Amino acid sequence: MDILNSLNDKQREAASHDQGPILVIAGAGTGKTKVLTHRTAYLIESGKAKPWEVLAITFTNKAANEMKDRISNLIDYPIDRMWIGTFHSICVRILRRFIDRIGYDKNFIIYDDDDQKTLIKDCIKELDLDPKYYSQSSIKEFISNEKNRRNSPDKYINENYSNYINRNKGEIYALYEKKLKASNALDFDDLIIKTLELFEKNEDVLNFYQDKFKYILVDEYQDTNNAQYKLIILLGRKKDGSSNVFVVGDEDQSIYGWRGADITNILNFENDFKGAKIVKLERNYRSTAVILNAANQVIKNNCQRKGKKLYTEQNEGNLIRIIETADERDEAFTIAALIRREHRENKIDYSQIALLYRTNAQSRALEEGLIGEGIPYKIVGGVKFYDRKEIKDIMAYLRLILNQKDDVSFDRIINVPRRKLGDKAREAISNYALENGLSKFEACFDFDKLGLQPSAAKSIESFVSVMEMLMIKKDVMPLSQFIINVIEDTGLKDMLLQDPSVEGRSRLENVDEFLSAAKDFEERYEENSLEDFLVHISLLSDLDKTAASNDVVTLMTVHSAKGLEFDTVFITGLEDGMFPSIHNDEEDNIEEERRLFYVAITRAKRMLYMTHARDRIRYGSHEMRMKSRFLDEIPQECIEESDSLAFGNKKLQQLEHRVARKTGFFADPAQEKDEVKPKLKESDFKLGDKVWHKLWGKGTVVQLKDDIIVIAFESKGIRNLNLEYAPIEKL
DNA sequence: TGCGTGCGGCTTTTT
DNA sequence: GCCGCACGCA
């Protein structure tokens, strides 16, 4: 069959597999997506399955969209009838249809991270617990864990009754669940959990979907958590004992353990699905031999793996450059200078260059370097578009209009824009709501019974009448038109217009962008109600918007980079405590950090740079840093180490000196004068000369070319230095 | 009720 | 070094 022609033997073996469970271990860059898409196309083209009988699950919308695009290039079927999506979006689709079976309203809303935290904060306050002992983030993690383990609050409280702290955590969990339910809201975990619950309590629904989905494909199987795993089992194991589950994954790229992903799901696949076939894809089509060699050697240090070794038929390629810099500013400027060089001399598009880091906080310094050199860039992640205050405000209005039980949204906007409704009014509303079993917004309809000052009651009255009008408008206007009405009628627009600051203007621009997103959604989808739009946004991540952008450098965390590839990659901040993160120092976690490093390495096709700083500012103060232990796991023959000075440009040098003066780290003022001494020339040295370096001491000249001098230091190994700037003396 | 100030805690990664 | 919170004043 034509569709399978472009695959290699292993890929074809996987893609054309017929009946029964199969696990495809697909190393980085081995054509995983190709196998998934070609298999799907093959199933349909060969008549084994109708398009609507295939369920393909991915982890990101971006991956889902890419799959759809690529499949539609392979076959002629309309792909919109196929179920291709993330775990979360697939579950929403099922819940939208059947959630009333487990006591929810079909127009439920989805609470994101932020909403969750707000709700948790309310719970802690309501239970009168000290936020010092119960932080929002730890409680959030706790609740998520318990949910995914499928422990109910009651069960947890019973089991931990004697432990005061844990019992209280259980109480928070219980109240949180109660409030969620009352708001007719689901959090991210619920999307999966409630689908499980639906299936478990309604055999007919489960049977319906089991019959419907003749073939199930799961991408990134190593990242499934307990609940997702159960979902696959439920849908995948048919009543007649058969199971056409096709999972693709790579245990070496399992990097979401902290989010509940369970690497044993992939390691134990054969036990869960008896008679499973296993295919390993090990031929890499992405990277040079040097890069692959480094990746293989690094990941070899892990124990939790099935083991595989990537190979390539590409040539050796460039050595990996490891660069030590003075601090994070030096790091940023060095990288910027190198990017310029790659762009100019090697004609590498900016869009083919990525800067990776362990934590989002690192992006700021890097950004400054790029700005300094005038290099265009974009940042993936960090503060997401839909997380911006002005956008969240509009969303809160939209959600409240849709679902009057949404207390979190109500609290957000009741005094935005200012309506002179402060703590007093809020308290009165909240009390009345509690006494009468209403949501806060519903309570507002009884504005004359709340026992408020006349002015406050009047304010609520006008708020309610605006909202009532909007609830009517919702059903008679196209989406984007309606949202414009919301922004104008509620006074949000005037509020933004009144702010003349730069931030104010950018907020207005964001609102405009939001409106065009709504317009776009309205035109693109047939199911374009407000409900649909809100779901769409809730499940969207920043990553999904990265595809269509112009020639700019990409900055992102290593996590975000999974699944992507670039010609040139910079892995930054390779210092102990940073990468690996100080939080993941124990044995188990260090393996996940190593996998993360492995993911980072394998993003690079041609050129890989790694940087680490000696000194980095964290929490506002300087910290000395050691280079990452992971760097020592890369074979010597793959790397070329140097100091940032080897790439010296004017800016960098000035910077270096400013740093020196400020911190006294480099040199004392007396030494600084040395810099004025005549520049060194190539002819000043010959191979084998002994030299003295200000920082690294004694060394021997081993190579000289174009103003770059390579010196073997007794303590520091081989370094490249720029003759023009290197602080060295002939001995 | 709204706004300014000062203090403390915190950063891992995100569908 | 930033954000959120508590407190105090107009």
Side-chain angles (χ1 to χ4, degrees), chain A residues 57-64 85-92 110-114 116-118 121 124-125 131-133 135-138 140-141 144 148 186-192 219-220 223-225 227-228 254-261 328 356-365 380-384 386-387 389 415-427 452-453 455-456 459 535 537-544 556-563 573 577-585 589 592-593 595-597 599-600 616-623:
Chain A
I57 305 177
T58 60
F59 263 79
T60 63
N61 293 299
K62 187 164 184 274
T86 61
F87 270 103
H88 295 89
S89 67
I90 296 280
C91 286
V92 167
I110 302 167
Y111 273 177
D112 68 15
D113 236 58
D114 221 52
Q116 266 189 70
K117 280 193 187 151
T118 312
K121 201 169 68 190
I124 295 171
K125 208 169 167 186
K132 279 199 186 72
Y133 298 100
S135 77
Q136 285 165 46
S137 51
S138 71
K140 183 168 151 302
E141 214 182 299
S144 178
N148 282 309
L186 302 186
D187 64 22
F188 271 111
D189 294 316
D190 280 341
L191 295 177
I192 318 286
D219 192 10
E220 309 278 15
D223 285 332
T224 47
N225 67 21
Q228 291 161 339
S254 164
I255 54 175
Y256 286 104
W258 51 275
R259 209 171 69 190
E328 75 275 2
L356 308 183
Y357 35 80
R358 181 65 244 271
T359 66
N360 279 308
Q362 288 164 257
S363 66
R364 181 171 296 190
V380 177
V383 180
K384 293 175 195 136
Y386 292 105
D387 281 351
K389 183 188 174 303
N415 204 31
V416 178
R418 303 253 138 85
R419 299 192 177 85
K420 308 211 161 176
L421 298 170
D423 291 345
K424 278 260 161 56
R426 281 166 190 267
E427 215 181 301
L452 282 170
Q453 301 277 325
S455 68
S459 182
V535 165
I537 289 173
S538 302
L539 298 181
L540 211 61
S541 78
D542 222 40
L543 204 62
D544 305 325
M556 62 188 150
T557 63
V558 181
H559 282 90
S560 305
K562 192 165 76 153
M578 200 90 187
F579 198 169
S581 163
I582 187 91
H583 304 274
N584 280 344
D585 229 6
N589 289 336
E592 180 149 320
E593 290 287 314
R595 290 193 289 267
L596 201 53
F597 186 47
V599 167
R616 187 178 291 276
I617 297 175
R618 274 176 102 209
Y619 306 127
S621 59
H622 288 269
E623 277 177 22

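Keep in mind that the numbers below use all heavy atoms, side chains included, and drop hydrogens, waters and symmetry copies. The structure presented is a predicted model; accordingly, all values stated were derived computationally and were not measured. Below, read A as the first sequence line, B as the second, and so on, with proteins coming before strands; counting in each chain starts at 1.
- Across the interface with DNA chain B, nearest-nucleotide mapping of A:Ser581 and A:Phe59 shows A:Ser581 to be the residue nearer the 5′ end.
- Atom NZ of A:Lys117 and atom P of C:dG4 are 10 Å apart (whole Å).
- As a whole-Å value, the separation of A:His559 NE2 from B:dT11 P is 16 Å.
- Stacking of the aromatic ring of A:Phe188 onto the base of B:dT15 is found: the ring centres lie under 5.5 Å apart and the planes are inclined by under 30°.
- Listed pair A:Lys121 / C:dC5 meets the phosphate criterion, a side-chain N or O lying under 4.0 Å from OP1 or OP2.
- Rounded to the nearest 0.5 Å, atoms OH (A:Tyr256) and CG (A:Leu596) are 9.0 Å apart.
- In this structure, A:Leu356 places its CG atom 14 Å from P of B:dT13, rounding to the nearest Å.
- One finds no side-chain N or O of A:Thr557 lying less than 4.0 angstrom from the OP1 or OP2 phosphate oxygen of B:dT12.
- Counting only N and O atoms by type, the side chains of A:Gln362 and A:Thr359 include a donor and acceptor under 3.5 Å apart.
- What separates CG of A:Asp113 from C1' of B:dT11 is a distance of 14 Å, to the nearest Å.
- If you check distances only, the side chain of A:Trp258 does reach the base of B:dT13 with a donor-acceptor pair under 3.5 Å.
- Annotation: of the two residues near DNA chain B, A:Glu593 and A:Ala425, the 5′-most nearest-nucleotide partner is A:Ala425.
- Using P as the reference atom, B:dT13 and C:dG4 are 16 Å apart when rounded to the nearest Å.
- Within the structure, a side-chain polar atom (N or O) of A:Arg418 is placed less than 4.0 Å from OP1 or OP2 of B:dC3.
- The side chain of A:Asn360 contributes no N or O atom lying less than 4.0 Å from OP1 or OP2 of B:dT12.
- The nearest whole Å value for the distance from the OH atom in A:Tyr111 to the P atom in B:dT15 is 21 Å.
- The distance from atom NE2 of A:His583 to atom C1' of B:dT12 is 5 Å, rounded to the nearest whole Å.
- Regarding A:Gln136, its CD atom lies at a distance of 15 Å from the P atom of B:dG9, rounded to whole Å.
- A:His559 pairs in a ring pair (Phe, Tyr, Trp, His ring centres under 6.0 Å) with only one of the listed residues (A:Phe59, A:Trp258, A:Tyr357, A:Phe579), which is A:Trp258.
- Checking the phosphate oxygens (OP1, OP2) of B:dT15, no side-chain nitrogen or oxygen of A:Asn225 falls inside 4.0 Å.
- Phosphate contact (OP1/OP2 of B:dT11, side-chain N/O of A:Ser137, threshold under 4.0 Å): present.
- Between atom CD of residue A:Glu220 and atom CD of residue A:Gln228 there is a gap of 11.5 Å, rounded to the nearest 0.5 Å.
- Rounding to whole angstrom units, CZ of residue A:Arg426 and P of B:dG2 are separated by 9 Å.
- Dashed line: the shortest gap from a side-chain N or O of A:Arg618 to OP1 or OP2 of B:dC10 is not under 4.0 Å.
- Using a 4.5 Å heavy-atom threshold, the side chains of A:Lys140 and A:Lys117 count as touching.
- Candidate nucleotides B:dT12, B:dT14, C:dG1 were compared by shortest atom distance to the side chain of A:Arg364, and C:dG1 ranks first.
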